[in-house]
**Student:** 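I'd like to ask some things about the structure below.
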Amino acid sequence: MALRFFNTLTQELEVFHPQKDNTVRMYTCGPTVYNYVHIGNFRTFTFQDILRRWLRYRGYKLDHVMNVTDVDDKIIANAAKAQKSLADYTREFTKAFFEDAAALRLEKPEHVAPATEHIPEMVEAIQKLAAKNYTYTNDGSTYFRIGSFSQYGKLSHNDFAGIRSGARVDVDEYDKADARDFVLWKGRKGNEPFWTTPFGDGRPGWHIECSAMAMSYLGETLDIHAGGVDLIFPHHENEIAQSESITGKPFARFWLHSEHLHIESQKMSKSLGNFYTLRDLLEMGYQPEVIRYLLASVPYRKKLNFTFDGLKAAAKSIERLRDFELRAASAKLPPGRNEAVSERSAAAIRQFEEALDDDLNTAEALAAVFEYVRAINSALDEQQFQEENRWDAARVLEVFDGLFDVLKPGPSTAAAANGMPSDSEIASYIEERQQAKKSRDFARADQIRALLDSKGILLEDTKEGVRWKRK
RNA sequence: GGCGCGGUAGCCAAGUGGUAAGGCAGAGGUCUGCAAAACCUUUAUUCGGCGGUUCGAUCCCGCCCCGCGCCUCCA
């Protein structure tokens with residue numbers, strides 16, 4: 001079966017191909033850098049990372065733009081409170097965001113686009129809209145006239161006919177002619193940062209950022225536009241209105257939206273105060289790859305309830321896969337190659353691929369891997385897994401880890417390794433213990449075991465010999 | 001009020017018109033000098049409730065109950 005995604009625009013599962021060049025032109029909404037982002041935000045970014053990796057696995061090249069919103073009301077307020085310039089303030093949290101993303105092993109998009117570095121593109125976009133009479137100004141601010149875009153609501157599948165002008169309060173204190181209208185350019189106020197343009201001093205509205213930057217990097221029609229479900233309305237709806245009013249062409253072919261991370265059955269959000277940042281969890285001692293696994297393991301269109309039990313289960317799941325990897329790589333094996341094992345390995349990869357092609361069903365993909373692990377463990381027990389089958393198992397794990405990326409120990413594990421004995425020291429301890437056991441000096445053998453244990457090294461006596469791993 | 005999503009074992013969770021993947025936890029076992037670790041086996045006559053369609057429904061339809069989201073900044 002071909003690669004399929006659920007398209008929010010059509011509400012259907014659709015076969016995906018990029019429009020040209022075998023290159024996927026993709027835009028995703030990135031962070032607003034007014035604070036540390038929380039792990040709910042990172043669920044979406046992890047989904048986007050899985051999407052990137054799977055598209056590449058399927059042979060596509062990527063041209064992916066992610067914006068960084070580095071000017072908006074909250075940022076201005078927080079920077080003022082911290083008595084820092086906008087640039088200094090956002091630099092700090094932009095840096096923190098990419099550090100966190102790297103810890104979660106999220107690939108960096110081909111282009112990272114800070115809003116403040118693309119003001120000319122936004123000005124140009126607004127001028128094009130003005131030339132077509134899609135805008136009006138009021139008290140120094142420029143607005144988009146929603147009444148002039150007949151398809152408004154097609155993404156969020158809302159019928160806006162019933163909403164009357166003035167039905168809602170203008171929360172951002174700008175005067176609008178119609179309740180649905182949104183601001184393209186906010187007029188200069190007080191000491192706020194501003195840019196000078198033909199239509200007045202001020203700063204960009206949020207929605208125009210994404211339209212202008214997406215089209216300047218990727219052209220008039222994107223292959224994929226992705227983000228969290230809460231952006232469907234109004235943000236993405238507004239992006240469509242702006243972009244399609246300018247070009248007269250579809251803005252994005254596929255709209256992909258990831259569901260929220262919940263905590264105690266509620267949306268995790270800054271305003272509710274019920275959030276954890278990645279840094280919070282790392283300080284509690286959780287490994288970044290465990291968090292990555294948890295975020296990736298539930299299919300992206302399903303709400304994911306965050307719990308510490310879930311985090312512990314994720315850690316154990318990774319441990320099982322790592323144990324398997326170690327066993328398949330290090331066990332003493334009979335020579336030769338078992339054809340049945342090779343076939344079982346190929347089947348596992350096929351199942352894994354089919355699950356991901358089906359709108360990135362990561363849960364089903366994981367099931368394929370775990371079923372494979374059990375089958376091969378049994379084959380190992382029965383001496384059916386042979387020397388040349390090692391490559392088969394390695395290949396399955398390579399495909400798995402190319403997407404999930406959780407098998408290699410993270411940097412914090414490496415940090416804990418400081419003061420640990422080297423591999424060769426461990427090997428000589430193990431050898432000494434084996435000798436002691438052979439001469440039935442169990443006291444010495446147990447002493448060595450305890451010594452290594454105190455340094456974080458766990459010995460495993462198995463049928464295939466002695467293995468060790470870091471705790 | 002409008003629009004939408006979801007309710008599957010103790011927890012997380014996949015799935016299909018023909019009788020329930022996987023992970024964690026639990027139980028039993030294998031291995032072992034002992035132990036740990038690891039591995040294996042096992043764990044839902046049942047898929048929120050009530051009706052309907054069907055030879056047959058967890059999966060389709062209707063109603064109800066419960067949870068959640070969007071409609072305002074928000075991943």
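Every heavy atom of this structure was used, including side-chain atoms; hydrogens, water molecules and symmetry mates were not. Naming convention: chains lettered A, B, ... in sequence-line order (proteins, then strands); numbering from 1 in each chain.
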**Student:** Using atom CG of A:L366 as one end and atom P of B:A14 as the other, report the distance to the nearest whole Å.
**Tutor:**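 Nearest whole value for this atom pair: 11 Å.
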**Student:** Between B:C24, B:A75, B:C39, spot the one nearest the side chain of A:R327, thanks.
**Tutor:**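 Of B:C24, B:A75, B:C39, B:C39 is nearest to the side chain of A:R327.
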**Student:** Would you please say whether a donor-acceptor pair under 3.5 Å links the side chains of A:T10 and A:E14?
**Tutor:**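 Present: a donor and an acceptor within the cut-off.
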**Student:** Heavy-atom nearest nucleotide on RNA chain B for A:S297 versus A:K316: which residue maps closer to 5'?
**Tutor:**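 Mapping each residue to its closest nucleotide by heavy atoms, the 5'-most match is A:S297.
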**Student:** Ignoring hydrogens and angles, state whether a donor on the side chain of A:Q151 or A:K154 is under 3.5 Å from an acceptor on the partner side chain.
**Tutor:**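 Indeed, the side chains of A:Q151 and A:K154 share at least one donor-acceptor pair under 3.5 Å.
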**Student:** Which of these nucleotides, B:C70, B:G15, B:A75, is closest to any side-chain atom of A:F233?
**Tutor:**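 Closest nucleotide among those given: B:C70.
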**Student:** Please classify the nucleic acid contact of A:I232 as base, sugar-phosphate, or nothing, using heavy-atom distances under 4.0 Å.
**Tutor:**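 Contact class for A:I232: none.
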**Student:** Determine: side-chain N/O of A:K469 to OP1/OP2 of B:A37, distance under 4.0 Å, yes or no.
**Tutor:**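 False: A:K469 side-chain N/O out of range (4.0 Å or more) of B:A37 OP1/OP2.
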**Student:** Answer with yes or no whether A:D461 presents, from its side chain, a donor or acceptor under 3.5 Å of a partner atom in the base of B:A38.
**Tutor:**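 When only heavy-atom distances are counted, A:D461 does not reach the base of B:A38 through any donor-acceptor pair under 3.5 Å.
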**Student:** Measuring centre to centre across the rings, with the benzene-like ring taken for any Trp, is A:F149 within less than 6.0 Å of A:F144?
**Tutor:**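 For A:F149 and A:F144, the ring centres are not under 6.0 Å apart.
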**Student:** Centroid separation under 6.0 Å, is that true for the rings of A:H64 and A:Y217?
**Tutor:**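 Distance test on ring centres: not under 6.0 Å, no.
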**Student:** Decide yes or no, distance alone: a donor-acceptor N/O pair under 3.5 angstrom between the base of B:A35 and the side-chain of A:R449.
**Tutor:**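 By the distance-only test, yes, there is a pair.
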**Student:** Going by number, which of residues 94-102 of chain A have a non-hydrogen atom under 4.0 Å from RNA chain B?
**Tutor:**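 By residue number: none to list.
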**Student:** Hey, does the side-chain of A:K267 have a donor or acceptor N/O within less than 3.5 Å of a partner on the base of B:C68?
**Tutor:**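 No, the side chain and the base share no sub-3.5 Å donor-acceptor pair.
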**Student:** I'd like to check the salt bridge (Lys or Arg N to Asp or Glu O under 4.0 Å) partners of A:E354; sequence neighbours left out, ordered by chain and number.
**Tutor:**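 Once residues adjacent in sequence are excluded, A:E354 has no partner under the salt bridge (Lys or Arg N to Asp or Glu O under 4.0 Å) criterion.
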**Student:** Pairing donors with acceptors under 3.5 angstrom, does anything connect the side chains of A:Y136 and A:D181?
**Tutor:**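 The criterion, which ignores hydrogens and geometry beyond distance, is satisfied for A:D181 and A:Y136.
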**Student:** Between the base of B:G69 and the side chain of A:D230, is there a donor and acceptor pair under 3.5 angstrom?
**Tutor:**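 Not at all, since no donor on one side and acceptor on the other fall under 3.5 Å apart.
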**Student:** For A:R374 and B:A21, give me the distance from atom CZ to atom P, rounded to whole Å.
**Tutor:**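 Rounded to the whole Å, the gap is 11 Å.
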**Student:** Taking atom OG1 of A:T46 and atom CZ of A:R105, what is their separation to the nearest 0.5 Å?
**Tutor:**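 It is 12.0 Å, given to the nearest 0.5 Å.
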**Student:** Quick one: are the ring centres of A:H262 and A:F306 less than 6.0 Å apart?
**Tutor:**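 No.
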**Student:** Counting heavy atoms from C-beta on, name the nucleotide in B:A37, B:G33, B:G7 closest to the side chain of A:T462.
**Tutor:**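 Looking only at side-chain atoms, A:T462 lies closest to B:A37.
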**Student:** Does A:D359 pair with A:R301 as a salt bridge, N-O distance under 4.0 Å?
**Tutor:**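 Answer for the salt bridge query: yes.
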**Student:** Spell out yes or no: do the side chain of A:R320 and the base of B:C39 have one donor N/O and one acceptor N/O closer than 3.5 Å?
**Tutor:**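 Answer is no: no donor-acceptor pair is held.
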**Student:** If we require ring centres under 5.5 Å and near-parallel planes under 30°, does A:F370 stack on B:G22?
**Tutor:**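 Not stacked by the 5.5 Å and 30° rule.
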**Student:** Which ones in residues 35-48 of chain A lie close to RNA chain B, meaning a heavy atom under 4.0 Å from one of its atoms?
**Tutor:**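 Residues of residues 35-48 of chain A that come under 4.0 Å of RNA chain B are, in numerical order, A:H38, A:G40, A:N41, A:T44.
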**Student:** What's A:S378 touching, base or sugar-phosphate or nothing? Going by heavy atoms closer than 4.0 Å.
**Tutor:**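 Sugar-phosphate, backbone atoms only, no base.
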